[in-house]
Amino acid sequence: MKKVLPSGKRDADFFEQVYQVVRAIPKGRVSSYGAIAKFLGTGMSARTVGWAMNAAHGLADVPAHRVVNRNGMLSGKMHFGTPTEMETRLKAEKIKVVDDQVQDFDKKFWDPALADW
DNA sequence: CACTTGACTTATT
DNA sequence: TAATAAGCCAAGT
């Protein structure tokens with residue numbers, strides 16, 4: 001893993017901090033941009049996490065489909081190859097998706113701060 | 001270097 | 001409860 005940056009400071013590798021968390025999301029679970037941003041600390045915002053996802057969509061080991069917004073809505077589905085890819089991937093992991101929203105989101109939600117790293 | 005844009009979130013009306 | 005505003009921060013223009 002890359003070095004952990006001092007609080008409030010960032011560099012070009014800040015994407016990897018996001019990737020590390022996203023990769024750690026257990027199969028069949030989801031998380032949110034805000035939760036990841038909060039976990040990573042000061043200087044990070046939900047928008048920044050979203051930007052990191054945008055840059056991560058090419059990496060096979062970064063399951064961006066498991067990251068949704070605070071309401072459990074698939075806000076990033078249109079950024080995949082096809083608008084249905086995100087939903088399809090989630091369903092493949094037994095995550096129910098109806099009308100672009102994760103069902104039982106509060107149960108599927110995975111908080112990085114509660115992980116046993 | 002200033003302004004705009006966007007896979008967000010929270011507070012206010 | 002729904003619509004709007006404001007705060008947020010990196011990258012692109």
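Naming convention: chains lettered A, B, ... in sequence-line order (proteins, then strands); numbering from 1 in each chain.
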What does the list of N/O pairs under 3.5 Å between the protein and nucleotides 10-13 of chain B look like, with a distance for each?
none

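- Taking a cutoff of 4.0 Å between a charged side-chain nitrogen and a carboxylate oxygen, A/K91 and A/E87 qualify as a salt bridge.
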Apply salt bridge (Lys or Arg N to Asp or Glu O under 4.0 Å) to residues A/E93 and A/R89 and explain how you reach the verdict. CA-CA 7 Å; A/E93 298 182 2; A/R89 281 178 171 239; over 6 Å; no

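- As a whole-Å value, the separation of A/W51 CH2 from C/dC9 P is 16 Å.
- Note on ring orientation: taking the six-membered ring where Trp is involved, the planes of A/F39 and A/W117 are parallel (angle under 30°, cut-offs 30° and 60°).
- Comparing C/dA11, B/dA7, B/dT9 by their closest approach to the side chain of A/F80 singles out B/dA7.
- The side chain to side chain donor-acceptor pair (under 3.5 Å) test with A/K77 is passed by exactly one of A/T88, A/D100, A/T82: A/D100.
- The shortest non-hydrogen separation linking A/Q103 to A/V97 is CG-N, 4.5 Å.
- The interatomic distance linking A/F14 (CZ) with C/dC9 (P) rounds to 12 Å, in whole Å.
- The nearest pair of heavy atoms linking A/F80 to A/M86 is CE1-SD, 3.6 Å.
- Using a 4.0 Å heavy-atom criterion, one finds that A/N54 contacts the bases of the nucleic acid, with or without backbone contacts as well.
- Among the atoms of the strands shown, base atoms are found under 4.0 Å from some heavy atom of A/A64.
- Distance, A/L40 CG to C/dC9 P: 13 Å, rounded to whole Å.
- Relative to the side chain of A/S45, the nucleotides C/dC8, C/dA11, B/dA7 differ in distance, and C/dC8 lies closest.
- Within 6.0 Å of the CZ atom in A/R29, the count of heavy atoms belonging to other residues, nucleotides or ligands exceeds 12.
- Under the Watson-Crick and G-U wobble criteria, each requiring two contacts below 3.5 Å, nucleotide B/dA7 is left unpaired.
- Protein atom CG of A/N71 is 14 Å distant from nucleotide atom C1' of B/dA7, rounded to whole Å.
- Comparing the P positions of B/dT4 and C/dA6 gives a spacing of 15 Å, expressed to the nearest Å.
- Rounded to an integer number of Å, the gap from CZ of A/F15 to P of C/dC9 is 15 Å.
- Picking from C/dA11, B/dA7, C/dC9 the nucleotide with the shortest atom distance to the side chain of A/T48 gives C/dC9.
- Of all nucleotides listed (C/dC9, B/dA7, B/dT9), B/dA7 comes nearest to the side chain of A/M53.
- At whole-Å resolution of the value, CE in A/M44 and P in C/dC8 are 15 Å apart.
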